[in-house]
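What follows is a set of notes on a single structure, which appears directly below.
Position 1 is the first residue of the sequence, and the numbers go up from there.
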Amino acid sequence: MELNHTHDVNARSWLESANAPGTDFPIQNLPFGVFRRAGISEAFRGGVAIGDQVIDLAAVAREGAVSGPAAQAVNACTGDALNDFLALGPAAWRALRHALFDLLKAGASGPGMNALRDSLVPQAETEMRVPTRVGNYTDFYTSIHHARNVGRVIRPDDPLTPNFQWIPIAYHGRASSVVVSGTPFKRPMGQAMPPGASAPIYGPCRRLDHELELGFYIGPGNNLGTPIPIAEAEDHIFGMCLLNDWSARDHQFWEMNPLGPFLGKNFCTTVSPWIVTMEALAPYRVPFAHPADEPQPLAYLTSATNSQRGGVDVQLEVLIESRQHRERAVAPDRLSATSFRHQYWTIAQMVAQHSVGGCNLQPGDLLGTGTISGPTPEQAGAMVELSLGGTRSIPLPGTGEARTFLEDGDAIILRGWCEKPGAARIGFGENRGEVLPAIGT
């Protein structure tokens, strides 16, 4: 995707909060979500974040603030999910984003600008929901650093599976338990095999973990039996969010012989409310390549564009806020920080692999990147890595506590942003989830 006027680092908005240093949502971003005003019985509808406000896209459509292809696109954003809008494809996405940019920029005037200004709702007064009707959720396993770290816990002598460097591995997750940031969840019950035991036990998860991931949403789908070539894959990707694929490690490791994750993963997946478009991320695309001395992708997973700019340099951090942090009004402690540029497979390769057998992806489907870990210990994206499988305590300096895995009352906060000289900062907002006690405890 080529850079255009919406990426101009010097562009400013007449909405001053969009120009504030460090804002996640400047005029160069314009991420999409679904909202309603909190405390009011009204319908959810599409919205776009700008500064500390939300553009009510139903109001923009009703007032005729945009015209031409942008009008068709905004009309698809008036319902309680963005599936119809995502199905329209890149030309429609671009038309609406550019029309909103032009109405928001400093110096804009006229009836359209006035209608957009009147549509604004403070973000602090909104309630968000998962932005699409997620028909299918697939989670990948594409960080070689995470794979090696976890592999050493399970298989110390042979941590990396033979297929990892040849295909983007994935499993089909549970779409019904995908929730929006801020939704608490109960610690799962299940079966696990304690070390040295001869029979499994049933009870609350004792090794509850987070997973730092990005999610991405499918736009136009493909027909059953028709693969998506890697060169066309990004035409099917609308944008990205922060994703936490909570994991019951004791349940997961017991059930994964011989099949993949199921109950260890199906109880909750948290997504951030805003979808940052691939167009907004264009300045932060980076080259992709496997090391020369490692297996190279097969032809169907290779394209010139993917090699030139298949990666995305998203900065990421994980914070933990325990009950003590909240009671003592102490800031959360950082657990780790890394970048998505370290991932071993790209999002285009994930889409190509997902559909190569003829699987039909659908508008609004959610795909997770898998845990994102970097090459150093402090860049690990999950507690199972940070605690070396529960053998090392992780200090929480803010309260003097320590963790090996998550305890009841703990909240995990994911944050993500893109930033570099010569480009506007693009933020993802926040992904937050809190652990509640298991049912019956």
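- When atom types are taken as modelled, the side chain of R328 and the backbone of T399 share a donor-acceptor pair closer than 3.5 angstrom.
- Residues R425 and T23 fail the side-chain proximity criterion, which asks for heavy atoms closer than 4.5 Å.
- Distance alone, capped at 3.5 Å, is enough to place a donor-acceptor pair between the E255 side chain and the G264 backbone.
- Among all heavy-atom pairs drawn from Y217 and V271, the shortest one is OH-CG2, 3.9 Å.
- Interatomic distance, CE of M383 versus CG of L388, reported as 11.5 Å (0.5 Å rounding).
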Stepwise salt bridge (Lys or Arg N to Asp or Glu O under 4.0 Å) check, D80 with R133:
CA-CA 9 Å; D80 62 0; R133 291 183 299 276; 3.8 Å; yes
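- Counted within 6.0 Å of CD on E317, heavy atoms from surrounding residues, nucleotides or ligands total more than 12; the atom is thus considered enclosed.
- Closest non-hydrogen pair, W274 versus F25, comes out as CD1-CZ, 3.7 Å.
- In this structure, the side chain of H7 engages the main chain of E279 through a donor-acceptor pair within 3.5 Å.
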Could you go through S272 and L414, starting from their C-alpha distance and side-chain angles, then the distance that decides it, and tell me whether this counts as side chain to side chain contact (heavy atoms under 4.5 Å, CB included)?
CA-CA 9 Å; S272 54; L414 309 183; over 6 Å; no
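- Residue Q252 holds its CD atom at 5.5 Å from OG of S247, rounded to the nearest 0.5 Å.
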For a ring pair (Phe, Tyr, Trp, His ring centres under 6.0 Å) check, start with the C-alpha distance between F185 and W246, then their side-chain angles and the critical distance, and finish with the verdict.
CA-CA 10 Å; F185 69 95; W246 305 93; 4.6 Å; yes
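- The side-chain heavy atoms of F428 and L214, taken from C-beta on, include a pair separated by under 4.5 Å.
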I'd like to know whether H251 forms a ring pair (Phe, Tyr, Trp, His ring centres under 6.0 Å) with F262, so could you lay out the CA-CA distance, the side-chain angles of the two residues, the decisive distance to 0.1 Å, and finally the verdict.
CA-CA 9 Å; H251 303 166; F262 179 48; over 10 Å; no
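- The backbone N or O of T404 sits less than 3.5 Å from a side-chain atom of S387, completing a donor-acceptor pair.
- A distance-only check finds no donor-acceptor pair linking the side chain of E294 to the backbone of P291 [under 3.5 Å].
- Looking at Q315, its side chain never comes within 3.5 Å of a backbone N or O of W417 through a donor-acceptor pair.
- Remark: the backbone N or O of I218 is not paired with any side-chain donor or acceptor of H236 at under 3.5 angstrom.
- Annotation: cation-pi geometry satisfied between R45 and F35 (NZ/CZ under 6.0 angstrom from ring centroid, within 45° of ring axis).
- Closest approach of S336 and Q379 over heavy atoms only: CB-C, 4.4 Å.
- No side-chain heavy atom of R148 sits less than 4.5 Å from a side-chain heavy atom of F164.
- The two residues G311 and F288 come nearest to each other via the heavy atoms N-CB, 4.2 Å.
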Side chain to side chain contact (heavy atoms under 4.5 Å, CB included) assessment of E213 paired with T269:
CA-CA 10 Å; E213 302 191 25; T269 299; over 6 Å; no
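- The side chain to side chain contact (heavy atoms under 4.5 Å, CB included) check on P188 picks up C205, L208, A248, F267, with sequence neighbours excluded.
- A donor-acceptor contact closer than 3.5 angstrom is absent between the side chains of H290 and Q165.
- Atoms CG and CZ, on L82 and F44 in that order, are 12.5 Å from each other to the nearest 0.5 Å.
- Of the inter-residue distances, the one linking N29 atom CG with T6 atom OG1 reads 10.5 Å to the nearest 0.5 angstrom.
- With hydrogens and angles ignored, the 3.5 Å screen pairs a side-chain donor or acceptor of R285 with a backbone N or O of G310.
- Of the candidates L86, I347, L361, T277, I237 forms a side-chain contact (heavy atoms from CB on, under 4.5 Å) with just one, namely I347.
- Looking at C77 and L96, their side chains come closer than 4.5 Å, going by heavy atoms from C-beta outward.
- Screening K265, R249, R403 against D209 for a salt bridge (charged side-chain N to carboxylate O under 4.0 Å, His left out) leaves a single residue, R249.
- Within the 3.5 Å criterion, the main-chain N or O of S303 finds no donor-acceptor partner in the side chain of N306.
- No side-chain heavy atom of F238 sits less than 4.5 Å from a side-chain heavy atom of T132.
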For E42 and R37: C-alpha separation, side-chain torsions, deciding distance, then whether salt bridge (Lys or Arg N to Asp or Glu O under 4.0 Å) applies.
CA-CA 7 Å; E42 63 180 17; R37 288 176 292 174; 2.7 Å; yes
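- The two residues E211 and A382 have their closest heavy-atom pair at CG-CB, 4.5 Å.
- In this structure, E234 does not pair ionically with R309, as no charged nitrogen and carboxylate oxygen lie closer than 4.0 Å.
- T305 contributes atom OG1, which lies 5.5 Å from atom CD of Q308 (distance to the nearest 0.5 angstrom).
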Going through the distances and angles, do R323 and E407 end up as a side chain to side chain contact (heavy atoms under 4.5 Å, CB included)?
CA-CA 9 Å; R323 186 180 287 113; E407 298 184 5; over 6 Å; no
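- Residues V74 and F85 have side chains not in contact (no heavy-atom distance under 4.5 Å, counting atoms from C-beta outward).
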Evaluate side chain to side chain contact (heavy atoms under 4.5 Å, CB included) for L243 paired with Y137, printing each intermediate quantity in order.
CA-CA 12 Å; L243 185 149; Y137 162 52; 3.9 Å; yes
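- Counting non-hydrogen atoms of neighbouring residues, nucleotides and ligands closer than 6.0 angstrom, the CZ atom of R206 reaches no more than 12 such neighbours.
- Using a 4.5 Å cut-off on side-chain heavy atoms (C-beta onward), I50 and I55 make contact.
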Yes or no on side chain to side chain donor-acceptor pair (under 3.5 Å) for T376 and E378, after CA distance, side-chain angles and deciding distance?
CA-CA 6 Å; T376 61; E378 63 272 14; 3.3 Å; yes
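- Enclosure of atom CG in N223 is not indicated, since only 12 or fewer non-hydrogen atoms of other residues, nucleotides or ligands lie within 6.0 angstrom.
- The side-chain heavy atoms of N149 and S143, taken from C-beta on, include no pair separated by under 4.5 Å.
- A side-chain donor from one of Y300 and Q353 sits under 3.5 Å from a side-chain acceptor of the other.
- Test D56, V54, V48 against S119 for side-chain contact (heavy atoms from CB on, under 4.5 Å) and you get one pass: D56.
- Separating the OG atom in S339 from the CD1 atom in I372 is a distance of 8.5 Å, to the nearest 0.5 Å.
- With a 6.0 Å radius and a threshold of 12 heavy atoms from other residues, nucleotides or ligands, R174 has its CZ atom at or below the threshold.
- Nearest heavy atom pair, residue V356 against residue P227, reads O-CG, 3.5 Å.
- Judged by distance alone, the side chain of N244 and the main-chain N or O of L212 form no donor-acceptor pair under 3.5 Å.
- Taking the six-membered ring for Trp and the full ring otherwise, Y141 and Y171 have centroids separated by 6.0 Å or more.
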